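Take a look at the structure below.
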Amino acid sequence: MNEKIQFFRDTWTEIDLDALYDNVKMIRNALPRETHMFAAVKANAYGHGALQVGAEVLRAGAHGLVVALLDEAIWLRNNGIEAPILVLGAIRPGDAGMAARHNIAVPVFQRHWLEEAGRSIKDGDKLKVHIKCDTGMGRIGLRGAGELKEIEKIVSKSDKFLLEGIFTHFATADQLEESYYQQQLAKFKRLVEQLDTVPPYVHAANSAAALCHHDSLFNAVRIGIAIYGLSPSDERHFTLKTRQILSWHTKIVHVKELQRGESIGYGAGYKAREDEWIGTIPVGYADGWLRKLEGHPVIVEGEFAPIVGRICMDQTMIRLPRHFPVGTEVTLIGGRQGRFISVEDIAEKLDTINYEVTCSINFRVPRVYKRGKEAVEIENQLSTH
Ligand code: PMH
């Protein structure tokens with residue numbers, strides 16, 4: 001580990017690169033050999049770190065990466081990622097030249113966008129485009145065969161564009177009820193059949209679809225949540241034994257004994273029911289450790305300890321089963337000493353989904369990348385080095 005890269009507050013996440021590698025291999029092995037797997041590393045790889053996750057998933061056999069923003073794609077390119085990258089979200093037509101220059105593929109679904117984009121692409125450059133079809137998600141995409149044919153015609157006639165793919169996105173692939181999924185799939189198939197020339201990548205499946213519906217695979221898939229070892233669905237059970245790759249830790253910075261009746265935190269909202277040991281940990285809602293987690297347990301030396309009082313911006317108090325010294329490690333998410341707190345446990349307490357939990361862990365929290373027990377890299381976005 002590079003000793004120069006460090007952090008000065010004992011709060012960090014650990015990303016298990018071995019588990020990530022195994023997860024990707026497992027998912028790859030569950031798919032036909034010829035299926036191209038694109039890994040979704042948008043939103044900083046769902047909070048796990050796009051550069052490190054991107055490099056590892058490619059090493060494990062992913063074919064390319066998908067992101068939401070052109071900014072995310074350029075950042076990956078500037079940091080040495082050479083594999084295919086597709087932006088999923090709409091980009092401004094004036095930025096098409098920039099995407100072409102960086103060999104980044106983008107979605108197309110509006111005729112007037114193509115006309116304007118063509119003007120921003122330098123002569124000699126070619127922009128790779130994937131036609132985005134809205135078959136029922138209702139976000140972006142063309143909806144009818146007429147628009148599709150028009151766009152195919154403009155793209156195929158222009159020397160500024162290269163038709164590389166066609167895709168859609170499912171709204172309900174994670175649900176047991178399949179009729180809406182089937183409707184979307186049928187619509188997409190009908191649209192693909194309208195093309196004069198089928199492009200190299202035809203893709204529709206996210207994690208839930210790829211793992212549950214083999215009819216959704218076409219020749220490429222876009223897998224996000226499953227590579228992180230998190231469940232794509234509350235309703236469906238997955239047999240793949242992927243592992244959660246993220247854990248979150250901190251250390252106690254202060255310990256005190258409270259007398260019965262004394263209170264804790266903003267609003268003096270918690271009162272000790274008896275004499276109690278209280279620890280303070282340096283993590284709060286400004287890190288993505290949200291106030292709604294009050295009452296939820298953390299792990300201290302293999303025992304659960306509940307969060308007491310309101311979570312502050314940068315600090316949280318926990319009720320300890322007994323005295324622990326300052327510096328004792330506390331686990332907020334993940335496993336330690338035989339106990340485990342899953343991302344899904346936190347999501348349930350927050351009344352949200354696992355995706356939102358990891359995406360909410362923000363730039364203040366350093367990411368420590370591990371192989372085996374060894375930390376191989378630390379990413380601290382606040383680093384002054
Ligand atoms: N493709 C598109 C177009 C997506 O928006 C997403 C995830 C994925 C693939 C990967 O999905 P998975 O993580 O379920 O495998 N997008 C989002 C989203 O916009 N909100 O939550 C997940």
Side-chain angles (χ1 to χ4, degrees), residues 24 35-46 48-134 139-142 151-152 154-156 158-169 197-206 218-224 227 359:
V24 172
T35 308
H36 297 295
M37 176 176 160
F38 284 84
V41 297
K42 58 194 181 135
N44 201 26
Y46 295 24
H48 298 74
L51 287 180
Q52 296 80 359
V53 166
E56 191 67 16
V57 297
L58 291 168
R59 217 172 65 80
H63 175 75
L65 305 176
V66 296
V67 291
L69 321 178
L70 181 57
D71 307 73
E72 293 175 321
I74 292 173
W75 182 57
L76 291 170
R77 277 281 180 263
N78 286 344
N79 282 280
I81 302 277
E82 291 174 358
I85 302 178
L86 167 67
V87 173
L88 298 169
I91 76 158
R92 297 183 295 229
D95 297 332
M98 187 67 153
R101 201 174 323 145
H102 285 91
N103 189 24
I104 291 162
V106 304
V108 293
F109 47 94
Q110 296 154 336
R111 183 201 162 110
H112 61 84
W113 185 95
L114 280 168
E115 286 157 3
E116 217 181 312
R119 291 195 287 275
S120 84
I121 300 166
K122 251 189 15 219
D123 285 343
D125 279 359
K126 249 187 196 311
L127 178 66
K128 290 177 177 157
V129 295
H130 292 220
I131 297 176
K132 177 68 197 285
C133 305
D134 177 11
R139 292 198 297 204
I140 56 172
L142 53 81
I151 284 182
E152 185 190 24
I154 299 171
V155 169
S156 60
S158 166
D159 56 359
K160 296 285 175 74
F161 302 109
L162 182 72
L163 184 59
E164 191 186 56
I166 181 166
F167 73 116
T168 193
H169 190 55
T197 313
V198 178
Y201 303 119
V202 180
H203 49 115
N206 55 3
F218 298 93
N219 70 3
V221 295
R222 307 180 306 271
I223 311 284
I227 65 174
C359 284

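It should be emphasised that the depicted structure is a prediction, and the values quoted were computed from it without experimental measurement.
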Return yes if some donor-acceptor pair links the side-chain N/O of [X] with the main-chain N/O of [Y] below 3.5 Å, else return no.
| X | Y | answer |
| --- | --- | --- |
| D134 | L142 | no |
| H48 | A45 | yes |
| E56 | Q52 | no |
| D125 | I121 | no |
| T168 | C133 | yes |
| S120 | G97 | yes |

So how far is it from E164 CD to H130 NE2, rounded to the nearest 0.5 Å?
3.5 Å
So, taking the atom named CD1 in I85 and the one named CG in L65, what distance separates them when rounded to the nearest 0.5 Å?
5.5 Å
Between F38 and H203, what is the ring plane arrangement, given parallel below 30°, perpendicular above 60°, and tilted in between?
parallel
Answer whether the closest heavy-atom distance between the side chains of L86 and V106 falls below 4.5 Å.
no
Can you confirm whether R59 is buried at CZ, in the sense that more than 12 heavy atoms of other residues, nucleotides or ligands lie under 6.0 Å from that atom?
yes
Tell me, please, which residues at least two apart from F218 pass ring pair (Phe, Tyr, Trp, His ring centres under 6.0 Å).
F188
Please report the closest heavy-atom contact between A117 and A96, naming both atoms and the distance.
CB-CB, 3.6 Å
